[in-house]
Amino acid sequence: MPKFGPIKRKDLIYYLKSFGFTGPFTGGKHQFMINGSIRLVIPNPHKGDISKDLLTRILKQANITKKDWESVV
């Protein structure tokens, strides 16, 4: 399994879908994904990958632990 670190936006969306998120949907300045009552804003980095720090914040909002993330990724 790859280590916990930077990730491409399309890969982030793919893996969030495996956790039950649907979308991404258009709304406001950023797209978002939904899983039950959780609405998760998806960043749109214009250059490079989503950083490890940003990934950590996204997973915290999504209630996904690092251990769970690494077991899927």
Side-chain angles (χ1 to χ4, degrees):
M1 286 181 241
K3 66 177 189 168
F4 183 81
I7 188 169
K8 294 188 181 303
R9 182 179 187 273
K10 72 176 193 169
D11 293 337
L12 173 66
I13 292 170
Y14 173 81
Y15 294 124
L16 286 174
K17 285 184 178 185
S18 70
F19 281 101
F21 283 85
T22 57
F25 304 103
T26 303
K29 293 182 180 182
H30 295 282
Q31 292 183 331
F32 62 93
M33 297 182 77
I34 297 174
N35 184 359
S37 63
I38 300 172
R39 183 177 185 265
L40 187 63
V41 175
I42 304 298
N44 186 16
H46 297 284
K47 295 182 181 180
D49 295 338
I50 295 170
S51 70
K52 182 179 177 180
D53 293 335
L54 183 54
L55 177 60
T56 301
R57 288 182 279 168
I58 291 169
L59 295 181
K60 185 175 180 181
Q61 292 173 5
N63 294 326
I64 299 171
T65 66
K66 182 178 175 183
K67 183 179 176 182
D68 290 341
W69 178 259
E70 290 176 337
S71 69
V72 172
V73 177

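The first residue in the sequence is number 1, and the count goes up from there. On a predicted model such as this, the values are computed, not experimentally measured, just so you know.
- Y15 and F32 fall into different hydrophobic clusters, where Ile, Leu, Val, Met, Phe, Trp and Tyr are joined by side-chain heavy atoms under 4.5 Å apart, directly or via other members.
- Taking both residues in full, the closest heavy atoms of P43 and L54 are given as CG-CD2, 3.8 Å, listed atom of the first, atom of the second, then distance.
- For the atom pair OG1 (T22) and CG (N35), the distance works out to 7.5 Å, reported to the nearest 0.5 Å.
- Annotation: the span from L12 atom CG to W69 atom CH2 amounts to 5.0 Å, rounded to 0.5 Å.
- Expressed to the nearest 0.5 Å, how far CD1 of I64 lies from OG of S18 amounts to 7.5 Å.
- F19 and D68 get closest at one heavy-atom pair: CZ-O, 3.6 Å.
- Linking Ile, Leu, Val, Met, Phe, Trp and Tyr whenever their side-chain heavy atoms come within less than 4.5 Å puts F21 and Y14 in one cluster.
- Partner of S51 under the side chain to side chain contact (heavy atoms under 4.5 Å, CB included) criterion, out of L55, D53, D49: D53 alone.
- The hydrophobic clustering, which links ILVMFWY residues whose side-chain heavy atoms are closer than 4.5 Å, places L16 and V41 apart.
- Listed by chain and residue number, nothing satisfies the side chain to side chain contact (heavy atoms under 4.5 Å, CB included) test with K60 (two or more places apart in sequence, or in another chain).
- For R9, the side chain to side chain contact (heavy atoms under 4.5 Å, CB included) criterion is met by I13, Q31, I42, N44, P45, I50, not counting sequence neighbours.
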